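Computed from a predicted structure; not experimentally measured.
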Amino acid sequence: MNFSQRNRTLRFRSGVAPLALVLAIAAQPALAQTAATPAPAPAATSADDTADVVVTGSLFRRANTETPSPVTVLTSESLSRAGITTATDAIRSISADSAGSIGTGFQTGFSAGGSAVSLRGLGVSSTLVLVDGLRSTNFPINDDGHNAYVDLNSIPFSLVDRIEVLKDGASSTYGADAIGGVVNIKLKQHFTGVSGLVEGGVAERGDAAHQRAELTLGYGDYAEKGFNVYINGEYQRDGRVTSSSRGFPYNTQDLTPIGGTDNNTADQSLVVNTPTAYVTRVSQSDLNNPLSGMVGSPLTTQYNALGLANCAGGTYAVTSGSAQGVGCKYDLTDRYRELQPLQERYSVNGRISFRLSDNIEGYVTGSYSRSYVSIHGLPSAIRQTQPFGAAPLTASSNPGIVLPVYICSSGVNCSTAADRSLNPNNPYASAFAGDPANGAARIYYLFGDIPAGSDRTNSVYRFTGGLKGSFAGDWNWRVDAVYARDNLSITQHGLLNIAALAKAINTGSYNFVNPSLNSAATRAALAPDKTTPSYSEMYSLDAAITKVLATLPGGPLQFALGAQVRREKLENNNQNVNLDTYGLTTASAFGQHTVTAGYFELDAPVFEQLDVNVSGRYDHYSEGFGRFSPKVGVKFTPIKQIAFRGTYSQGFRAPTFAESGPRSQYAGFVTTTAPCNFQVAHGGILNANGTCSANGNPYNNAYSLGRGVAGNPNLKPETSRSFTLGTIIQPVPWFSLTVDYYNVKKSNLIVAGPDIGKAVSAYFAAANPAAAAAAVAAVGPGYSVNTVDGADPQFPNALPRVLIINVPYVNANYAITSGIDFAATASIPLGSGLKFTSRVEVTHVFKYDLHTASGDVQHYAGTLGPYDLSSGNGTPNWRGNWQNTLEAGPYSLSVTAYYVGRIKEVGTDQGNLSTDCSANLYKTGDKFCYVSPFITTDLNFTARVRDDFTFFFNVKNLLDARAPVAPAAYASAPNFLTTWHYAGLIGRQFRAGATFKF
């Protein structure tokens, strides 16, 4: 069976599996038991089904939690049944999470190591994340260089009581950023006794080792004694998974076995940086500077491999063209990439609850969480562009780094030094001892003996305290304070110091012929670790008061009034502030401001069948702008079994410090493939169907194209208008369903270069660099060519690749997204101690369109667009999950299935507005036009051995469904979509553990 046949078979099995398993469970009640990885149940919590609660998006306590706004509730019970063990996995399982969502598996770019949710696909900075209804501080590094978010890895999962996801605008209650919706993580308020959990697991292939432990100690019966105190600790560790371990197609860029393109040039070209060095003879204009090799074609077509005897993967020969010789075969993705980094998290949390009098209560909480992510990546290449902002002469790719004829101990003026000697790394040194200017060796090399990657440690401190009470019967008040600080430390490994590289070459201290002989000291001097600290900080004080104004036919007329003051600060330091390291980002963001706000809410149950809710909030920012955000919600219940609801709201997103700070800057990079006209000019082949192939020239391969942007203090907030219309149906007590339509328009978008696609197209359409620069500048103000690549060694007179285009941050364009959410729950008692529960949640995106100032419309729904915002993962137009649980006394069995619809491999934000297969980003026409649908299924079994002890067993990706092939994905995640298909990369996993409580 070939790969495509196997993949179709697996997808078929995955699709029928959830239904088959449910039917099997129903047919065999003797096997019925709910599957879960249960969090230890507390002896007493704040979640009492009969008590009034404050629902996310409202300031009032109420018994009826079905508000006019659509809210999805994930209880600790449903999460444990799904085998979910982190806040990240819990929140990102919501079907409304869409384009721009960040998972821990995303290991490249600005947000590597962080995790975030993007409701409605409007971006992580348009989804507000709260903990117990209060803000926390943002992750110090912005996604895509400018989008702010709360790192979900910092949230203690073992204390989660429930997660409420408000899928509607809520700026009228919470202020900025609540455009796509609000995620409110509610933690346990009271706990008595001792409870704990231990869990371990491993993937079927022997990796992805998983360990988890929790312990909670609590004392004090709050109801009787008026106080409660608890302390909690948790730990989780998940091991690495390499790309090589999962095999084809996740470990290569060569898809020829399934009819695709071979984009792995490391086994066919001698002008590719690989762990075997390739050299050819060129001239050197400055014998003291290895960066001064000649421009254009070398002095010979012959290339020599240094250390070819060490080649373990076989060799290949190139006998024609401008780069001939024998090389060593490599697949760099298979050799170095990984699918899952090492992740380790632990936290310590505590809470004290107290009653000061019959009508005054208070609390104090404190938490510390530490998230550590260790990422392995590709080693550094010797040929690189200069750091963003550095002089072009520091580039080692243009005109090209060389090995000189002579070396010496000082590395300075070696051609005339008294202790000079011929360079053992340069095979032309002996023949050109008398003519060193014409005997330099242009080198292509990857430092495979120097491990590369990063270690990211994120530590979050958060303290809250508050008082609430009542007076005069129907007046209620509360005051809450928050302090939070997020300290992030990033240590980069394996990146080359520019000066150290020049010295290592001129002194001959680094052995390019046999790198295994290099000492640890030599490697450390060449690529020293670089550690950069950054932090964000927030202080917040909230106060609100509510009162029953009157009694209406439908219930009490309630009014609330509140105020907030908030201070936020960010210091995201430049990791490459001295511009002394190749391949290291220069992104930075700085800023601080004070936000003051006042807000109100009025809830009027006009009749028993009609409830009207009106709210509004005004926020003022110390930068000088302000915004009022209103909202109206209506719920109509003509009969007990059915209700209709709808909302209209306006909201906003304030510019982030990265977008508006005058000291902020970044250069973001996106995987780009040059158009066919460019490839043909560089030796590519134009196929009969209009597509093209690189023809073995790595200069034609996909590469990273940067956008250079600086902060703009004159930006205005993004604004939004949204409305929802839905129904709640409960025909019988054991079944309910909701259907909600949503429509969001987001205007004055803060975008970095909205016409970047036009700028790129304009560049590649030009005949020469001067004409290309002029064409890019003609796109609009703020657009210009920043950096171009070195000349193509094989076609030195052709147009070089553009590496960085300067683009402006501007308020431009607007986006509209609409769709429908469907959710249903059935809880059916079957008799004899049996109970069957089924819950399903589905989101269908009708459209997600970006309207540009020029009148163009970019269509994203069901495609890989917005390609840049989503890191090449796109906007699936169908997402859903379905959980089925059968309980039989002390046993339970659960099956949870997750579905992602097919995605078209086009991206209209990449310069082509067409969504036809002819615009396929993979450039091979119809064959790989779609990424197939994906279904994965998890199973959980629990057995309550005693009242104080429960055993559980979990199988994730029960049917071992494989991630569908996505050739147009980012080159750093070749052939798969990390955001949507992660479970299909890791494969089947087994976990088991136990909980106890007493």
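Under the 4.0 Å criterion applied to side-chain N and carboxylate O atoms, Asp938 and Arg991 are not assigned as salt-bridge partners. Under the 4.0 Å criterion applied to side-chain N and carboxylate O atoms, Asp480 and Arg478 are assigned as salt-bridge partners. Between Asp238 and Arg212, no side-chain nitrogen of the basic residue sits less than 4.0 Å from a carboxylate oxygen of the acidic one, so the salt-bridge criterion is not met. With salt bridges taken as basic N to acidic carboxylate O contacts below 4.0 Å, none links Asp161 and Lys188.
Note that the OG atom of Ser736 and the CD atom of Gln641 stand 12.5 Å from one another [nearest 0.5 Å]. The distance from atom CG of Asn743 to atom CZ of Phe846, rounded to the nearest 0.5 Å, is 10.5 Å. The distance from the CD1 atom of Ile185 to the CD1 atom of Ile155 is 3.0 Å, given to the nearest 0.5 Å. From His190, atom NE2 reaches atom CG of Asn228 across 6.0 Å, with rounding to the nearest 0.5 Å. In this structure, the separation between CG on Leu187 and CG on Asp132 is 4.5 Å, given to the nearest 0.5 Å.
The closest side-chain heavy-atom distance from Val117 to Val129 is below 4.5 Å. Pro68 places none of its side-chain heavy atoms less than 4.5 Å from the side chain of Val634. Two residues are said to be in side-chain contact when any heavy atoms from C-beta on lie closer than 4.5 Å; Phe941 and Asn954 fail this criterion. Within the 4.5 Å cutoff, the side chain of Thr727 has no heavy atoms near those of the Phe636 side chain. Put simply, the side chain of Thr843 reaches to within 4.5 Å of the side chain of Arg120, judged on heavy atoms. Contact of the Val744 side chain with the Ile179 side chain is registered, since non-hydrogen atoms from C-beta on lie closer than 4.5 Å. For the pair Phe996/Asp948, no side-chain contact is recorded, criterion being any heavy-atom separation below 4.5 Å from C-beta on. Using a 4.5 Å heavy-atom threshold, the side chains of His210 and Glu199 count as touching.
Of the possible donor and acceptor atoms, none in the side chain of Glu77 sits under 3.5 Å from a partner among the backbone N and O of Ser80. Listed for the Asn873 side chain is a donor-acceptor partner under 3.5 Å among the backbone atoms of Thr979. Side-chain N or O atoms of Asp151 include one that pairs as donor or acceptor with a backbone N or O of Ser115 at under 3.5 Å. Between the side chain of Arg135 and the backbone N or O of Tyr174, at least one donor-acceptor pair lies under 3.5 Å. Of the possible polar contacts, one joining the Arg351 side chain to the Gln189 backbone as a donor-acceptor pair under 3.5 Å is found. Side-chain N or O atoms of Glu234 include one that pairs as donor or acceptor with a backbone N or O of Ser158 at under 3.5 Å. Remark: side-chain polar atoms of Tyr848 are paired, donor with acceptor, to backbone N or O of Gly121 under 3.5 angstrom. With hydrogens and angles ignored, the 3.5 Å screen pairs a side-chain donor or acceptor of Asn957 with a backbone N or O of Ala983. Using modelled atom types, no side-chain atom of Glu841 and backbone atom of Phe822 make a donor-acceptor pair closer than 3.5 Å. Proximity of a side-chain donor or acceptor of Lys167 to a complementary backbone N or O of Gly181 within less than 3.5 Å is not detected.
More than 12 heavy atoms of other residues, nucleotides or ligands lie within 6.0 Å of CZ in Phe990, so this atom counts as buried by the packing criterion. Residue Phe607 qualifies as open at atom CZ: its count of foreign heavy atoms under 6.0 Å is 12 or below.
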Inset, instruction - Start with the C-alpha gap between Asn349 and Ile231, add the side-chain angles, then the distance that decides, and say whether side chain to side chain contact (heavy atoms under 4.5 Å, CB included) holds. - result: CA-CA 6 Å; Asn349 315 275; Ile231 187 169; over 6 Å; no
Legend entry - Working for side chain to side chain contact (heavy atoms under 4.5 Å, CB included), residues Val183 and Leu119: CA-CA 9 Å; Val183 175; Leu119 295 178; 4.2 Å; yes
Legend entry - Stepwise salt bridge (charged side-chain N to carboxylate O under 4.0 Å, His left out) check, Arg645 with Asp611: CA-CA 9 Å; Arg645 62 187 179 188; Asp611 184 25; over 6 Å; no
Inset, instruction - Step by step, work out the side-chain hydrogen bond (donor to acceptor under 3.5 Å, both in side chains) result for Thr464 and Thr365. - result: CA-CA 5 Å; Thr464 69; Thr365 75; 2.4 Å; yes
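Under 3.5 Å, the side chains of Ser98 and Ser118 contain no donor-acceptor pair of N or O atoms.
Judged by the 6.0 Å and 45° rule, Arg355 forms a cation-pi pair with Tyr222.
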